[in-house]
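As structure tokens, the structure follows; a few thoughts come after it.
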Amino acid sequence: MRTSNLVALIASVLALTACGAGQVDDGAAAAADNSDALTNPGHFEGFIGQDGRYYFDLVAANGEKVLASQGYESATGMQNGIASVKTNGTDPNRYELRQATDGSPYFVLTAANGQTIGVSELYSSITATNKAIDAVEKVVGVTPGVSANPVTGARFDVFKGLDGKYYFDLRAANGEIVLQSQGYSTKTSANSGVTSVKINGINAARFEVRTAADSSTYFVLKAANGAVIGVSQMYGTSAAANDGIQSMISTVSGIVSK
């Protein structure tokens with residue numbers, strides 16, 4: 001699967017290189033704090049991944065990615081996947097809790113035959129994950145089942161999450177969201193997190209590939225002190241995750257060089 005002119009003072013840059021710039025909370029954890037994003041329609045973003053396959057993300061009205069798809073061989077297959085999310089995504093029995101090797105929980109949305117049709121981000125607790133499931137059910141219910149192409153161009157997007165915290169996404173040139181941040185208490189802190197990604201995201205040594213309980217893989221971007229400042233989507237193999245890292249390094253390098 002699966003995508004601000006921020007200049008810090010010298011002292012701030014040095015500090016951000018050494019730390020995770022204030023991680024706080026989970027994205028969709030306390031959904032009631034941002035009811036507009038749950039009652040207003042979101043959208044499905046369809047795009048072609050690096051592997052040539054078709055993918056989609058479910059993006060809430062506030063710009064937050066709340067579900068990522070598996071890969072499809074055709075645009076028709078992708079659209080069928082979106083239809084399946086619409087059919088199954090409002091049924092709480094279709095959600096399954098899973099756990100990464102570092103203990104972080106997440107969830108998958110499954111079809112009636114048990115096939116995974118969507119994967120969430122990682123959360124810090126089971127409670128937060130269950131709240132996120134409730135939020136995604138609501139988002140699915142108000143979102144039309146039609147894919148739209150994302151706005152292309154590599155960039156960072158800062159937004160207010162479903163829990164009232166601030167987050168940022170990193171989008172690749174094709175519009176795919178390739179990195180999601182931790183939560184921050186203020187927009188200023190989220191912008192500082194973007195600066196930290198610009199500093200650390202061009203250094204291959206700052207990335208770590210991890211494995212989930214179902215053998216899916218993902219990568220995290222860490223600061224110099226080991227604090228996680230961003231998490232990727234789930235990949236089918238470690239090779240795909242490593243390809244994702246190389247793509248992200250290229251994306252961040254291109255943004256920094258502008």
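Owing to the predicted nature of the structure, the values given are computational and were not obtained by experimental measurement. Note that these values count all heavy atoms, side chains included, but never hydrogens, waters or copies made by symmetry.
Across all non-hydrogen atoms, the minimal contact from Gly46 to Met78 is CA-SD, 3.7 Å. The nearest pair of heavy atoms linking Tyr123 to Thr129 is CB-OG1, 3.4 Å. In this structure, Ser147 and Gln79 approach most closely via the heavy-atom pair OG-OE1, 3.0 Å. The nearest pair of heavy atoms linking Asn174 to Gly49 is ND2-CA, 4.4 Å. Scanning all heavy atoms of the two residues, the minimum distance from Val209 to Ala241 falls at CG1-CB, 4.1 Å. Nearest heavy atoms, Ile229 versus Phe168: O-CZ, 3.9 Å.
In this structure, Ile245 CD1 and Tyr235 OH are separated by 8.0 Å, a value rounded to the nearest 0.5 Å. Between atom NZ of residue Lys258 and atom CZ of residue Arg155 there is a gap of 10.5 Å, rounded to the nearest 0.5 Å. Summarising the geometry, atom CD1 belonging to Ile202 is positioned 13.0 Å from atom OG1 belonging to Thr251; distances are rounded to the nearest 0.5 Å. Rounded to the nearest 0.5 Å, atoms CZ (Arg94) and OG (Ser84) are 9.0 Å apart. Residue Arg98 holds its CZ atom at 13.0 Å from CG of Leu122, rounded to the nearest 0.5 Å. Here the NZ atom belonging to Lys65 is positioned 7.0 Å from the CG atom belonging to Asp169, to the nearest 0.5 angstrom.
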(request) Kindly indicate, with the supporting measurements, whether the criterion side-chain contact (heavy atoms from CB on, under 4.5 Å) is fulfilled by Arg171 and Glu45. (result) CA-CA 12 Å; Arg171 288 182 181 265; Glu45 292 184 351; 2.9 Å; yes
(message) Set out, in order, the CA-CA distance, both residues' side-chain angles and the distance that settles side-chain contact (heavy atoms from CB on, under 4.5 Å) for Ser232 and Met248, then state yes or no.
(response) CA-CA 10 Å; Ser232 78; Met248 185 181 153; over 6 Å; no
(message) Go through it in stages, so that I can follow the logic: the residues are Thr152 and Phe47, the test is side-chain contact (heavy atoms from CB on, under 4.5 Å), and I'd like the CA-CA distance, side-chain angles, deciding distance and then a yes or no.
(response) CA-CA 10 Å; Thr152 56; Phe47 57 89; over 6 Å; no
(request) Report the C-alpha separation of Tyr167 and Gln180 in whole Å, then their side-chain angles, then the decisive distance to 0.1 Å, and conclude whether the side-chain contact (heavy atoms from CB on, under 4.5 Å) test is met. (result) CA-CA 8 Å; Tyr167 296 82; Gln180 291 181 280; over 6 Å; no
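Under a hydrophobic-cluster definition in which Ile, Leu, Val, Met, Phe, Trp and Tyr are linked whenever side-chain heavy atoms come within less than 4.5 Å, directly or via other members, Ile48 and Leu58 are assigned to the same cluster. When the side chains of ILVMFWY residues are joined at heavy-atom separations under 4.5 Å, either directly or via intervening members, Ile82 and Val59 end up in two distinct hydrophobic clusters. Each of Val66 and Val142 belongs to its own hydrophobic cluster when Ile, Leu, Val, Met, Phe, Trp and Tyr are linked at side-chain heavy-atom distances under 4.5 angstrom.
Arg53 is linked by a side chain to side chain donor-acceptor pair (under 3.5 Å) to Glu73, counting only residues two or more places apart in sequence or in another chain. Every residue two or more places apart in sequence or in another chain that forms a side chain to side chain contact (heavy atoms under 4.5 Å, CB included) with Gln246 is listed here: Ile249. Partners of Ile126 according to the side chain to side chain contact (heavy atoms under 4.5 Å, CB included) rule, which considers only residues two or more places apart in sequence or in another chain, are Leu97, Pro105, Asn130. Every residue two or more places apart in sequence or in another chain was checked for a side chain to side chain donor-acceptor pair (under 3.5 Å) with Ser250, and none qualifies. For Asp102, the side chain to side chain donor-acceptor pair (under 3.5 Å) partners two or more places apart in sequence, or in a different chain, are Ser104, Arg210, Tyr218.
Between Phe56 and Phe44, the angle of the ring planes goes over 60°, which puts this pair in the perpendicular group of the 30/60° scheme.
The one candidate from Ile117, Val139, Val85, Val119 that meets the side-chain contact (heavy atoms from CB on, under 4.5 Å) condition with Leu67 is Val85. For the pairing with Leu170, the side-chain contact (heavy atoms from CB on, under 4.5 Å) check across Val194, Leu221, Ile255, Asp157 returns one residue only, Ile255. Tested against Val136, the residues Val140, Asp134, Ile133 include a single side-chain contact (heavy atoms from CB on, under 4.5 Å) partner, Val140.
In this structure, the side chain of Lys86 engages the main chain of Thr143 through a donor-acceptor pair within 3.5 Å. For Ser247 (side chain) and Asp243 (main-chain N/O), no donor-acceptor pair under 3.5 Å exists by modelled atom type. Panel note: side chain Ser215, backbone Thr211; no donor-acceptor pair is recorded below 3.5 Å. Looking only at distances, a side-chain donor or acceptor of Thr195 sits under 3.5 Å from a matching main-chain atom of Asn191. A distance-only check finds a donor-acceptor pair linking the side chain of Ser120 to the backbone of Phe107 [under 3.5 Å].
Residues Glu208 and Val220 meet the side-chain proximity criterion, which asks for heavy atoms closer than 4.5 Å. A heavy-atom distance below 4.5 Å is not found between the side chains of Phe207 and Asn242. Counting only heavy atoms from C-beta outward, the side chains of Gln182 and Val231 approach each other to under 4.5 Å.
Pairs of residues two or more places apart, or lying in two chains, that qualify as side-chain hydrogen bond (donor to acceptor under 3.5 Å, both in side chains) and include a residue from residues 105-115 are Tyr106-Asp214.
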